[in-house]
Amino acid sequence: MGKNPSNLTADEIFDRQVHRIGRATILTCIILALSIPLMAAVVFGIMPPIGPLISGIITVSSFMIPLSIAEILSFYPILGASGLYISYTTGNIANLKVPCAAIAMEAAEVKPSTKEGDIISTIAMAGSVIVCELILVAGVLLLVPLSGCLQNPLLKPAFDQILPALFGSLGAYFILKNYRLAVIPLVFGILFSIANLNTAIAVPLGVFISIFGARVLYKKGLIKA
Amino acid sequence: MNEYLEIANSGYFYLWGAVILLVIMIQAVLFTRLAWKEGKRIGLDNKRMLKGLRAGMVSAIIPSIPIVISLVAMSAVLGVPFPWIRLSVIGSAPYELLGAGIGAESMGVESLGGTGYTELVFANSVWVMTIGAMWSGLLVFFFLKRIKKQYKKIENRDPDWMKIITGAAFFGVICVFLARPVTAGGLPLITVISGAVLMTGCALLIEKFKIKWLREFALPISMVGAMVSAVIFAGILS
């Protein structure tokens with residue numbers, strides 16, 4: 001802060017540009033998204049009465065604020081700063097950004113939590129955003145024929161089971177590589193699932209327990225970086 | 001029948017969706033360019049970065065399908081453009097329907113799109129969903145710099161421990177999603193096992209036989225295989 005730009009190291013200049021691009025684009029998207037209900041009010045004259053509006057906003061905010069804080073803290077070590085800007089602009093983090101970043105770092109043979117890893121996962125996440133947004137546009141344009149195909153009774157089990165297919169594949173690959181780190185979160189993941197805990201709570205809780213467990217193992221010298 | 005759907009499907013919202021899409025694409029291009037330049041500076045060659053980009057893009061294709069399925073499901077109640085926008089910007093399907101439901105309930109309406117779901121109730125759903133989704137973006141906007149500093153402190157104190165935090169956080173996330181189908185049993189469990197077996201096969205090919213290009217395609221290959229097995233077993237089980 002307050003440093004002359006010429007005194008900054010190359011790393012600091014990069015960090016600064018990450019924040020600049022990230023903050024400008026995320027704020028633009030928030031404003032554009034907020035314009036939608038405003039547009040409904042101004043263009044179409046539909047504005048809900050103030051009482052229910054405020055009560056709805058309070059209800060949703062009362063759980064979205066604490067959950068978002070816990071989630072951001074959980075995803076930061078996995079995705080890094082640029083990854084978090086991309087992730088919180090477009091969403092779909094656990095089911096899209098995290099798998100794409102992890103696989104891309106394997107493909108490019110770089111390690112997570114290094115500068116190289118950060119670069120590759122940023123590029124991979126940006127690429128995944130482009131693909132996902134184009135597929136969504138195709139979904140909007142082809143909504144009618146597509147919904148027929150997605151409801152096809154023969155193919156329906158395949159579409160219903162995409163998330164199990166994703167996490168089975170992803171889990172096997174990374175757990176085989178580092179099973180010691182995976183035992184504790186897997187056990188708790190299963191307990192959460194039996195207790196039918198909502199994913200929004202289970203994810204940050206799972207991350208917290210996993211890090212806590214890793215701390216114990218690390219202190220005892222059972223795992224190494 | 002439902003008059004609010006005429007408003008919900010108006011061209012204005014489609015246009016707005018296109019504007020938002022443009023900003024998202026600009027962000028993706030700007031970050032790619034910035035990371036690419038920085039990658040070159042620290043000695044990553046184009047070939048490796050291209051591999052990373054390709055792997056990210058190829059791996060995104062199949063996991064995007066459930067998002068389109070949510071779009072189809074939500075469009076019946078909320079029209080097409082608004083769910084499209086919500087799923088494009090800071091979206092996740094389970095939250096979106098919850099937000100829409102809270103918006104309706106605060107207006108005293110029980111079911112989405114059912115009787116009494118007027119244009120005002122629709123507007124309330126839209127407000128509640130938008131503001132609910134906005135928080136995480138705002139928190140990132142205001143606090144990410146500070147969060148980064150805190151994690152940087154941990155890293156400076158003990159870089160090895162920071163690497164382990166990264167791994168542990170990653171497993172914390174994927175194990176929650178992995179555990180659901182495992183405890184559900186039946187077809188989800190069969191699909192998880194098929195995916196795991198196929199991916200292990202790919203990993204063996206990569207490591208033992210040095211088939212390096214497979215790294216980029218291992219995820220879609222084992223996912224499609226697992227989905228095919230879901231279709232086959234659904235036929236056997238029924």
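Residue numbers start from 1 in every chain, and the chains themselves are labelled A, B, ... in the order their sequence lines are given, proteins ahead of strands.
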May I ask you to decide if [Y]'s main-chain N or O and [X]'s side chain share a donor-acceptor pair within less than 3.5 Å?
X        : Y        : answer
A:Ser210 : B:Ala168 : yes
B:Tyr12  : A:Phe44  : no
B:Arg180 : A:Ser193 : no
B:Trp16  : A:Leu32  : yes

Interface moiety of [X] toward chain A, non-hydrogen atoms closer than 4.5 Å:
X        : answer
B:Thr130 : side chain
B:Ile62  : both
B:Arg54  : neither
B:Lys212 : side chain
B:Phe82  : side chain
B:Trp213 : neither
B:Ser125 : neither
B:Val173 : both
B:Ser75  : side chain

Going from [atom1] on [X] to [atom2] on [Y], what distance comes out if it is rounded to the nearest 0.5 angstrom?
X        : Y        : atom1 : atom2 : answer
A:Ile72  : B:Leu144 : CD1   : CG    : 8.0 Å
A:Phe75  : B:Phe170 : CZ    : CZ    : 11.0 Å
A:Tyr218 : B:Ile165 : OH    : CD1   : 10.0 Å
B:Gln27  : A:Thr90  : CD    : OG1   : 7.0 Å
B:Leu138 : A:Met64  : CG    : CE    : 11.5 Å
B:Glu38  : A:Ile123 : CD    : CD1   : 10.5 Å

Is the closest side-chain donor-acceptor distance between B:Ser136 and A:Ser68 under 3.5 Å?
-> no
Leading residue by heavy atom contact count with chain B [cutoff under 4.5 Å; candidates A:Ala33, A:Gly171, A:Ala200] = A:Ala33
With a 4.5 angstrom heavy-atom cut-off, which part of [X] approaches chain B: side chain, backbone, both or neither?
X        : answer
A:Leu181 : both
A:Ile30  : side chain
A:Ser61  : both
A:Ile69  : both
A:Ala41  : neither
A:Ile175 : both
A:Phe63  : side chain
A:Leu79  : neither
A:Val144 : neither
A:Leu146 : side chain
A:Ser74  : backbone
A:Ile36  : both
A:Ile54  : neither
A:Met105 : neither

Audit row: A:Asp15, B:Lys152, salt bridge (charged side-chain N to carboxylate O under 4.0 Å, His left out) steps and yes/no | CA-CA 12 Å; A:Asp15 285 349; B:Lys152 199 87 198 163; 5.5 Å; no
Stepwise side-chain contact (heavy atoms from CB on, under 4.5 Å) check, B:Val231 with A:Phe159 | CA-CA 9 Å; B:Val231 170; A:Phe159 294 124; over 6 Å; no
Contact between [X] and [Y] at the side-chain level, heavy atoms closer than 4.5 Å - yes or no?
X        : Y        : value
B:Phe171 : A:Asn178 : yes
A:Leu136 : B:Ser64  : no
A:Ile119 : B:Met49  : yes
B:Thr166 : A:Lys111 : no

